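Sequence lines set the chain letters: A, B, ... in the order given, protein chains first and strands last, and positions in each chain run from 1. Quick caveat: nothing in here was measured; it's all calculated off a predicted structure.
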Amino acid sequence: MVKYCDIFWSFFKVGTFTIGGGYAMLPLMRREIVERHGWLDEEEFADQVALSQALPGVFAVNMAATTGYRLRRGAGAAVAIGGNIVMPIVFILAIAIGFRSVKDNAAVEHIFLGLRPAVVALVAAPVFQMARSARLTWSNGWIPVASALAVWLLGVSPIAVVLVAAVGGYLCSLLPHKD
Amino acid sequence: MIFLQLLWTFLLIGAFTFGGGYSMIALIQGEVVGHYGWMSAEEFADLLALSQITPGPVGINTATYAGYTAVVNAGYPQWAAVCGSLLASMAVVAVPVGLVMLVSQWLLRHKDNAQVAAVMRVLRLVVIGLIAAAALGLVGEESFGTVGMNRRFAVSVAIFAVVFVLALRRKVSPVWLIVGSGLVGLVAYSL
């Protein structure tokens with residue numbers, strides 16, 4: 001039986017020592033789960049990754065939840081998630097509280113003037129990477145374009161767009177295909 | 001009242017985010033900046049920079065920070081804002097974690113099912129558009145300054161171009177791109 005404290009400690013390390021979000025955590029998670037503890041083999045781990053991508057929400061937390069659940073059911077999932085997010089929450093809260101008192105400082109203001117255009121670029125870059133790997137054509141390219149325009153120009157909620165797309169995708173799959 | 005709205009909003013954001021951290025950014029921007037106006041576009045851009053350079057999943061960091069800032073901006077004391085941030089980060093993971101318990105076995109067996117695959121295929125396309133909308137929503141005077149022949153605009157466009165090219169090639173980690181642009185800002189505007 002896998003110990004709760006082992007589950008907690010593994011995900012604590014992954015959550016605390018990776019900067020840059022879910023996919024940056026993947027190699028470290030693989031090392032802990034597959035190589036160090038042998039909780040899952042390579043194939044099972046690949047299944048967890050596919051499952052965590054298919055479920056909505058934060059990828060890293062889904063990985064913690066599915067793995068913890070597999071090892072020790074609900075309590076295992078809770079321990080894994082807790083370990084994964086406790087330090088990130090403490091860090092970002094400390095920054096949120098501290099940032100208000102320094103943000104009018106001239107040096108901090110100058111740093112953030114430099115950061116803001118970089119953030120725009122960091123959000124824009126994956127659009128082009130994902131568009132390339134999705135192999136957009138004239139028959140499906142209208143979907144991302146229409147979603148972007150609906151949200152950006154018309155102010156439609158992204159949640160509504162996801163909902164409509166999911167229902168639309170489901171309905172289309174029911175239509176007879178001309179194979 | 002704001003706590004109920006935070007809870008509901010972040011439950012929805014967690015439930016409707018597909019395809020990782022950047023699409024969650026799009027949803028948080030739509031609700032927190034667009035719909036409720038809990039933070040300004042400028043605060044949102046700062047939040048994104050901060051959540052890229054602190055450890056942990058970007059989705060959790062963004063939710064925590066957004067919860068805190070929304071409550072503070074609504075005029076509540078700091079302890080209430082800390083509660084708001086915890087509420088937002090718990091809410092954002094609640095629905096997916098519930099789904100893990102309920103449907104993970106079913107989904108593993110049906111991941112090759114035609115309907116599931118069709119829905120995921122459409123969602124993958126939609127997410128591209130949502131992230132594009134998030135990027136377009138960040139383009140404005142708060143990020144680039146006023147258009148024209150001035151130092152702020154020139155420096156901002158240069159930073160954007162360099163970071164965009166480097167990010168596209170995936171050679172440099174976003175952490176270093178953020179740290180580097182901060183240093184460039186510090187030097188360019190302090191002189």
Side-chain angles (χ1 to χ4, degrees), chain A residues 15-16 18-22 47 50-51 54-62 65-66 69 85 88-89 91-93 95-96 107 110-128 130-131 140 143-144 147-148 151-152 157-159 161-162 165-166 169-170 172-173, chain B residues 12 14-18 20-22 26-27 30 45-46 48-50 54-61 64-65 68 85 89 93 96-97 99-100 104 114-115 118-119 122 125-126 128-136 138 143 156 159-160 163-164 167-168 174-175 181-182 184-186 189-190:
Chain A
T16 309
T18 34
I19 298 179
D47 271 353
L51 183 61
L55 288 167
V58 180
F59 175 71
V61 174
N62 289 352
T66 52
Y69 186 74
I85 67 177
I89 290 180
F91 275 119
I92 201 87
L93 258 182
I95 287 175
H110 294 160
I111 290 173
F112 274 85
L113 288 184
L115 293 184
R116 286 188 205 136
V119 167
V120 182
L122 285 180
V123 179
V127 174
F128 292 87
M130 290 164 85
N140 65 11
I143 297 177
S147 322
V151 172
W152 181 57
S157 155
I159 292 175
V161 175
V162 170
Y170 177 72
C172 284
S173 72
Chain B
L12 284 181
F16 287 97
T17 292
F18 288 89
Y22 283 104
L27 267 69
D46 293 348
L48 292 185
L50 290 170
T54 54
V58 172
I60 293 290
N61 292 346
T64 307
Y65 195 101
Y68 179 88
S85 73
S89 33
V93 301
V97 169
L99 287 175
V100 166
S104 57
Q115 272 96 42
V119 170
V122 176
L125 294 171
V126 164
I128 300 172
L130 294 184
I131 300 172
L136 289 167
L138 286 167
S143 302
S156 300
I159 290 175
F160 173 86
V163 172
F164 183 75
L168 215 50
V175 182
S181 336
V184 170
L186 184 62
Y189 297 116
S190 300

Of the backbone (N, CA, C, O) and the side chain (C-beta and beyond), which part of B:S89 lies under 4.5 Å from a heavy atom of chain A, both, or neither? side chain
Closest non-hydrogen atoms of A:I159 and B:F16, given as atom of the first, atom of the second and distance, are CG2-CD1, 3.5 Å
Contact leader toward chain B among A:A166, A:P56, A:A165, A:P144, where contacts are heavy-atom pairs under 4.5 Å: A:P56
For A:M130 and B:I131, which heavy atoms make the closest approach, and how far apart are they? SD-CD1, 3.8 Å
Is a donor on one side and an acceptor on the other found under 3.5 Å between the side chain of B:T17 and the backbone of B:G14? no
Structural part of A:T66 lying under 4.5 Å from a heavy atom of chain B: both
In Å, rounded to the nearest 0.5 Å, how long is the span from OH of B:Y65 to OG1 of B:T54? 10.5 Å
Given A:I85, A:V120, A:L55, the one with more heavy-atom pairs under 4.5 angstrom with chain B than any other is A:V120
Choice from B:V122, B:L125, B:L130 maximising heavy atom contacts with chain A below 4.5 Å: B:L125
For chain A, find which of B:L12, B:L50, B:L99 contributes the most heavy-atom pairs closer than 4.5 angstrom. B:L50
Separation between OG1 of B:T64 and CD1 of A:I92, rounded to the nearest 0.5 Å: 7.0 Å
What orientation do B:F164 and A:F128 show, parallel under 30°, tilted 30 to 60°, or perpendicular over 60°? perpendicular
Structural part of B:S85 lying under 4.5 Å from a heavy atom of chain A: side chain
Against chain A, label B:A49 side chain, backbone, both or neither, depending on which of its atoms sit under 4.5 Å from a heavy atom there. both
Is any side-chain heavy atom of A:F91 less than 4.5 Å from a side-chain heavy atom of B:P55? yes
So, the side chain of A:N62 versus the backbone of A:L51: is there a donor-acceptor pair under 3.5 Å, distance only? no
Given that the side chain runs from C-beta out, which part of A:Y69 has a heavy atom under 4.5 Å from chain B: side chain, backbone, both or neither? side chain
Counting heavy-atom pairs under 4.5 Å with chain B, the top scorer among A:V151, A:I143, A:T16 is A:I143
Part of B:V184 within contact of chain A (heavy atom distance under 4.5 Å): neither
Residue set satisfying side-chain contact (heavy atoms from CB on, under 4.5 Å) with B:V163, at least two apart, ordered chain then number -> A:A118, A:A121, A:L122, B:I159, B:L177, B:S181
Part of B:A26 within contact of chain A (heavy atom distance under 4.5 Å): backbone
So which residue, A:V161, A:N140, A:L93, ends up with the most heavy-atom pairs under 4.5 Å with chain B? A:L93
Measure the OG-CG distance between B:S143 and A:L115 for me, rounded to the nearest 0.5 Å. 11.0 Å
Ranked by heavy-atom pairs below 4.5 Å to chain A, first place among B:L138, B:V93, B:L186 goes to B:L186
Most contacts with chain B, counted as non-hydrogen pairs under 4.5 angstrom, among A:A54, A:A148, A:S147, A:P117: A:P117
